[in-house]
Amino acid sequence: MIIGKKFNACKKSEYFQFIDNYKKYTDFNTLGLYRSICENENLNLNDKIEIRDYANTIFEKTFHFYQLKDPRTYFNLTTLGKELTIADERQVWEEIRQNQEKILKEKKIKHRNFGAYSKHDCGHEDCQFNGIMIKQGSWFAENEMHFKTDKKKSSRKLKSEQIIKQRKNKNRIIDDEFDY
């Protein structure tokens, strides 16, 4: 069977019907379902929260993977109906970042080209490259995933030059302190 309409035009009862029978539909898309919950103007806040919670009972693992695949949607859904301060928002984003790193480690995934991170998104609406697939680590990747544990990718030669400079500066600093 085919759903045949966009999720963001559905009513509350239709959401529950689609979620209950998701295996019967060939065009069922869980990410589309979750994104539509936030976008649907036919639903009030309580309906959105109820649909999200019901969908999470069935698609819990998928929903948690959206921290990696589409963190903006995950953030919007987890903060539905909550009044957040700037500090609260930063804390939620920090938790998402930590969970992203943990998911990558658990699944032994070495690349970071997922969902929102695999497409060009510079923030300009008129950019001709928006939505185009990009290579990880290229200058074109505007939305790259970073963690505190990441190491700089400078070459060994640059590192050795930095060490040599530090050794020279160390002697100068000592000389300046003792004023010979």
Side-chain angles (χ1 to χ4, degrees), residues 1-125 130-134 136 141-149:
M1 290 185 351
I2 295 176
I3 294 173
K5 68 190 269 185
K6 293 183 178 184
F7 279 123
N8 59 4
C10 294
K11 297 177 184 164
K12 180 180 171 182
S13 59
E14 291 175 317
Y15 272 104
F16 289 115
Q17 177 192 359
F18 292 141
I19 293 170
D20 286 337
N21 302 311
Y22 75 96
K23 289 182 180 179
K24 294 180 182 177
Y25 297 105
T26 57
D27 61 342
F28 188 84
N29 179 358
T30 53
L31 180 57
L33 170 85
Y34 279 115
R35 281 183 179 162
S36 72
I37 292 172
C38 294
E39 296 171 359
N40 196 331
E41 295 175 4
N42 299 333
L43 303 172
N44 62 34
L45 182 62
N46 292 331
D47 292 342
K48 290 179 180 183
I49 293 171
E50 188 178 344
I51 292 168
R52 176 203 62 196
D53 292 341
Y54 185 71
N56 285 347
T57 60
I58 296 173
F59 308 116
E60 185 176 4
K61 276 185 161 181
T62 307
F63 180 68
H64 289 297
F65 190 73
Y66 288 148
Q67 292 176 83
L68 192 63
K69 187 174 182 178
D70 192 357
R72 171 94 34 222
T73 300
Y74 182 84
F75 174 80
N76 290 340
L77 285 168
T78 54
T79 58
L80 262 178
K82 295 180 182 176
E83 295 286 329
L84 297 177
T85 63
I86 295 172
D88 293 336
E89 266 187 52
R90 286 185 184 146
Q91 179 62 35
V92 172
W93 279 112
E94 184 58 34
E95 289 171 8
I96 289 173
R97 204 169 289 114
Q98 290 170 357
N99 289 337
Q100 285 176 337
E101 193 170 8
K102 190 173 19 170
I103 290 168
L104 286 171
K105 223 177 249 182
E106 286 173 0
K107 295 189 180 281
K108 298 178 183 173
I109 300 172
K110 300 198 184 217
H111 65 89
R112 297 182 185 171
N113 282 0
F114 282 97
Y117 298 108
S118 66
K119 295 183 179 179
H120 176 73
D121 183 20
C122 64
H124 301 289
E125 290 182 21
N130 275 346
I132 192 170
M133 297 296 283
I134 54 173
Q136 178 195 8
E142 299 287 336
N143 217 8
E144 199 171 328
M145 193 183 308
H146 302 285
F147 302 122
K148 291 179 182 175
T149 57

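Residues Asn76 and Thr73 bring no donor and acceptor atom of their side chains to less than 3.5 Å of each other.
Glu95 meets the side-chain hydrogen bond (donor to acceptor under 3.5 Å, both in side chains) test with Gln91; sequence neighbours excluded. When the side-chain hydrogen bond (donor to acceptor under 3.5 Å, both in side chains) test is applied to Asn46, no partner is found at least two apart in sequence or on another chain. Taking the side-chain hydrogen bond (donor to acceptor under 3.5 Å, both in side chains) definition, one finds that Thr30 meets it with Tyr66, sequence neighbours left out. Considering only residues two or more places apart in sequence or on other chains, Phe59 meets the ring pair (Phe, Tyr, Trp, His ring centres under 6.0 Å) condition with Tyr22, Phe28. Looking at residues two or more places apart in sequence or on another chain, you find a side-chain hydrogen bond (donor to acceptor under 3.5 Å, both in side chains) between Asn56 and Tyr34.
Here CZ of Phe65 is found 15.5 Å from CD of Glu60. Values are rounded to the nearest 0.5 Å. Interatomic distance, CG of Leu43 versus CD1 of Ile49, reported as 11.5 Å (0.5 Å rounding). In this structure, CG on Asp53 lies 14.0 Å from NZ on Lys48, to the nearest 0.5 angstrom. Distance check: Ile19 CD1 to Thr57 OG1 gives 7.5 Å after rounding to the nearest 0.5 Å. In this structure, the separation between NZ on Lys69 and CD1 on Ile103 is 12.5 Å, given to the nearest 0.5 Å.
In this structure the side chain of Phe7 never reaches within 4.5 angstrom of the side chain of Asn40, judged on heavy atoms. Proximity of Tyr74 to Leu68: side-chain heavy atoms (C-beta onward) are nowhere separated by under 4.5 Å. Between Tyr54 and Tyr15, every side-chain heavy-atom pair lies at or beyond the 4.5 Å cut-off. Residues Leu33 and Phe18 are not in side-chain contact: their nearest non-hydrogen atoms beyond the backbone lie 4.5 Å or more apart.
Within a 6.0 Å sphere centred on CG of Leu45, heavy atoms belonging to other residues, nucleotides or ligands number more than 12.
Each salt bridge (charged side-chain N to carboxylate O under 4.0 Å, His left out) pair with one or both residues in residues 9-28, not counting sequence neighbours, appears once here: Lys5-Glu14, Lys12-Asp47, Lys12-Glu50.
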Verdict with supporting geometry, Arg35 and Asp70, salt bridge (charged side-chain N to carboxylate O under 4.0 Å, His left out): CA-CA 10 Å; Arg35 281 183 179 162; Asp70 192 357; 2.6 Å; yes
